[in-house]
Q: 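What follows is a structure written as structure tokens; I'll ask about it next.
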Amino acid sequence: MSWAIVDVANFYVSAERLFDPSLRGVPVIVLSNNDGCAVARSEEAKALHVRMGEPVFKIRDRIKRHGIQLRSSNYELYADLNRRFNAVIADHSDLVEIYSIDESFFRLPALANGLGDVGTAHRVREDIARSVGLPTRIGLGPTRTLSKVANALAKATEKVWGGVVDLHDLELRRRLFEHWPVGEVWGIGSALEARLRPLGVKTTADLAALPPAVARDIGTVVLERLVRELGGIECDDFKVAPEPLKATAVTRQFGEPVTALPELREAMARRAARAAEKIRAQGLAASRLIAFAHGSRYKPNPPSASRSARLSPPTNDPRVIVGIAGKMMETMFQPGGVYTKCGVLLEDLSPEGQGQADLFATADPKAPGLLAAMDGLNARYGRNTVILAAQGCGGRSFDTKRSQKSPAWTTRIGEIPVAR
DNA sequence: TCTGGGGTCCTAGGACCC
DNA sequence: TCTGGGGTCCTAGGACCC
């Protein structure tokens, strides 16, 4: 098998630059939700040592001194561009797996010599650059893991090898792995890296040389599979049809800290309603609900609590979910606590109507029609056109901050760019 | 004094990814 | 003053069953 993975360079920044030429050639940072941290950096920003995940308030002086441009994250735009570049990939491949918002695995026609695949990979890059306008890198290899490592190497060697690296060749792997730090390998995080270091496993070559049983001993079966995949043995397959969601979460930091119970209830209701809406859109119902609320972890003694409950029968009815989450918020609330975040998790998701009926609960016969009407109106006239009273009206100070958001250039008729 | 064996299910927590 | 959000997978340990 021949695996390929394409990733978009500094995706969020590249997306922002597409419709705003003033951002080109200057340092740009795209911020996390609530405008808190840097989650994407242009090459110019990286050169100024802005780190991934760095809080914005800590780099205010650099932002000012170097004129670093800030943008809030604009997921509507990124999701649309994701759709577009995947359509281009599909022109070249019969099998595409969307792995994340900025990465997709795909299969290339396996030619006898690897050169054909490299040529195709270059054409995919060129097509995406021409028809979508996004810069990409591509890694090729006989397994998923090897293509991921190749992709990382393509990033590091872009100027030399033009953004495509093929790791089908054993000799090339041997040479490159000796210089590639083990912590850079997909699946090796800081904890595993720290466990591997004292054992003398510092490079990818060291890791690939571990006997699988030893790897399992150091980590789990996950590390064992990783080692096998580095050796060219496939342990993982394409996931073309997206697996049904197993759990979903809606958790948000507050724009401003909250101390009053009525506001906390309202904030919780907004998150719970959104979570219920998400699973309805997938035709799923939840069997377990978890709600939590806490204060800043950078403060001493922040309030922190969570509650969980089984939902029987499984449900996606916002009236039920918002009701329970609201009661949970009441039992968690500590007077005097300064809260900065709350959220709802829905777990044990199953297809709607498939769960075991509850012997003691009678289903509301009107619910399906009511919820379909509500979702229909919100789809047609915009999110939150119809809401539950518990969610409260209008924008509130505790909603997420997004002060620098760019327009939805490609998906809203009122926000398309104007040319003069 | 001596105190089985083999399962399943659930939960919490850790680790990883983007 | 200000520090993101949303997923998956695995394991250990407890509760429970026969």
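Heavy-atom basis, side chains included; hydrogens, waters and symmetry copies ignored. Letters A, B, ... mirror the listed sequences (proteins, then strands); counts begin at 1.
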Q: Ring centroids only, cut at 6.0 angstrom: are Trp3(A) and Phe106(A) within range, meaning strictly under it?
A: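 Trp3(A) vs Phe106(A): aromatic centres not under 6.0 Å.
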Q: Would you say dT1(C) has OP1 or OP2 under 4.0 Å from some side-chain N or O of Lys58(A)?
A: no
Q: Which residue lies toward the 5' end of DNA chain C, Lys278(A) or Val56(A), if each is placed at its nearest nucleotide?
A: Val56(A)
Q: Does dG5(C) have its OP1 or OP2 closer than 4.0 Å to a side-chain nitrogen or oxygen of Lys341(A)?
A: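 Yes, within the criterion.
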Q: Given dC16(B), dG6(C), dT3(C), which nucleotide is nearest the side-chain atoms of Ala249(A)?
A: dG6(C)
Q: Rounded off to whole Å, could you give me the OH-to-C1' distance for the Tyr12(A) and dG6(C) pair?
A: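 Taking OH of Tyr12(A) and C1' of dG6(C), I get 10 Å after rounding.
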Q: Between Thr248(A) and dG7(C), does any side-chain N or O lie under 4.0 Å from OP1 or OP2?
A: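 Result: yes.
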Q: Between Arg310(A) and dC10(B), is there a side-chain N or O to OP1/OP2 distance below 4.0 Å?
A: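 Result: no.
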Q: To the nearest Å, give me how far apart CD (Glu347(A)) and P (dG13(B)) are.
A: 13 Å
Q: In whole Å, I'd like the distance from the CH2 atom of Trp186(A) to the C1' atom of dC18(B).
A: 11 Å
Q: Quick check: are there more than 12 heavy atoms from other residues, nucleotides or ligands sitting under 6.0 Å from CZ of Arg24(A)?
A: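 Enclosed: over 12 neighbouring heavy atoms sit under 6.0 Å from CZ of Arg24(A).
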Q: Identify the nucleotide, in any strand shown, that forms a Watson-Crick or G-U wobble pair with dC18(C), with both distances under 3.5 Å; if there is none, say none.
A: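 The answer is dG5(B), by the H-bond criterion.
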Q: Regarding Asp102(A), tell me which of base, sugar-phosphate or nothing describes its non-hydrogen contacts under 4.0 Å with the strands shown.
A: sugar-phosphate
Q: Counting any heavy atom closer than 4.0 Å, what does Lys239(A) reach on the DNA or RNA strands: base, sugar-phosphate only, or nothing?
A: nothing
Q: Tell me which nucleotide among dT3(C), dC18(B), dA15(B) gets nearest to the side chain of Tyr99(A).
A: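 Output: dC18(B).
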Q: Rounded to whole Å, how long is the line connecting atom CG of Leu223(A) with atom P of dC9(C)?
A: 18 Å
Q: For dA12(B), does OP1 or OP2 lie under 4.0 Å from any side-chain N or O of Arg288(A)?
A: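 Answer yes for this pair, as a side-chain N or O of Arg288(A) is under 4.0 Å from OP1 or OP2.
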Q: Counting any heavy atom closer than 4.0 Å, what does Glu103(A) reach on the DNA or RNA strands: base, sugar-phosphate only, or nothing?
A: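 Sugar-phosphate, no base atom in range.
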Q: Starting at the 5' end of DNA chain C and moving along, which residue's nearest nucleotide shows up first, Val221(A) or Phe57(A)?
A: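 Of the two residues, Phe57(A) wins.
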Q: Kindly say if Thr251(A) contacts the phosphate of dG6(C), meaning a side-chain N or O under 4.0 Å from OP1 or OP2.
A: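 So the side chain of Thr251(A) is within the cut-off, an N or O lying under 4.0 Å from OP1 or OP2 of dG6(C).
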Q: The side chain of Arg252(A) lies closest to which of these nucleotides: dT8(C), dG6(C), dG4(C)?
A: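 Of the options given, the side chain of Arg252(A) lies nearest dG6(C).
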Q: Using a cut-off of 4.0 Å on non-hydrogen atoms, how would the nucleic acid contact of Ile188(A) be classed: base, sugar-phosphate, or nothing?
A: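 Sugar-phosphate only.
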Q: Please report the distance, rounded to the nearest Å, between CZ in Arg297(A) and P in dG5(C).
A: 10 Å
Q: Around Lys327(A), counting heavy atoms of other residues, nucleotides and ligands shown, do more than 12 lie under 6.0 Å from its NZ?
A: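 For Lys327(A), atom NZ is not crowded (no more than 12 foreign heavy atoms under 6.0 Å).
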Q: Rounded off to whole Å, could you give me the CG-to-C1' distance for the Leu31(A) and dT3(C) pair?
A: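 In whole Å, dT3(C) C1' and Leu31(A) CG are 12 Å from each other.
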Q: Should the pair Trp186(A) and Phe105(A) be assigned to parallel (<30°), tilted (30 to 60°) or perpendicular (>60°) ring geometry?
A: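 Rings of Trp186(A) and Phe105(A): tilted, 30 to 60°.
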Q: Would you call the rings of Trp409(A) and Phe19(A) parallel, tilted or perpendicular if under 30° counts as parallel and over 60° as perpendicular?
A: parallel
Q: Which nucleotide in the list dG6(C), dC10(C), dG5(C) gets nearest to the side chain of Val250(A)?
A: dG6(C)
Q: What is the distance, to the nearest angstrom, from the OH atom on Tyr75(A) to the P atom on dC18(B)?
A: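 After rounding, the gap between these two atoms is 15 Å.
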Q: So, is Lys148(A) near the phosphate of dC18(B), with a side-chain N or O under 4.0 Å from OP1 or OP2?
A: yes
Q: Looking at every strand, decide which applies to Val30(A) at a 4.0 Å heavy-atom threshold: base, sugar-phosphate, or nothing.
A: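 Counting heavy atoms under 4.0 Å across all strands, no contact is made by Val30(A).
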Q: Check the angle between the aromatic planes of Tyr75(A) and Tyr78(A) and answer parallel, tilted or perpendicular using the 30° and 60° thresholds.
A: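 Plane angle over 60°, so perpendicular.
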Q: With a 4.0 Å cut-off on heavy atoms, is Ser73(A) in touch with a base, just the backbone sugar-phosphate, or nothing at all?
A: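 No contact.
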Q: Look at Lys246(A) and dC9(C) and indicate whether a side-chain polar atom (N or O) is within less than 4.0 Å of OP1 or OP2.
A: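 Result: yes.
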Q: Has Arg60(A) got a side-chain N or O lying under 4.0 Å from the OP1 or OP2 atom of dT1(C)?
A: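 Result: no.
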Q: Does Arg225(A) make a side-chain N or O approach to OP1 or OP2 of dC10(C) shorter than 4.0 Å?
A: yes
Q: Rounded to the Å, how far apart are Arg307(A) CZ and dT11(B) P?
A: 16 Å
Q: Among dT8(C), dC2(C), dG5(C), find the nucleotide with the atom closest to the side chain of Ala247(A).
A: dT8(C)
Q: Just do the salt bridge (Lys or Arg N to Asp or Glu O under 4.0 Å) check on Asp35(A) and Lys401(A) with the steps written out, would you?
A: CA-CA 6 Å; Asp35(A) 293 345; Lys401(A) 246 187 314 207; over 6 Å; no
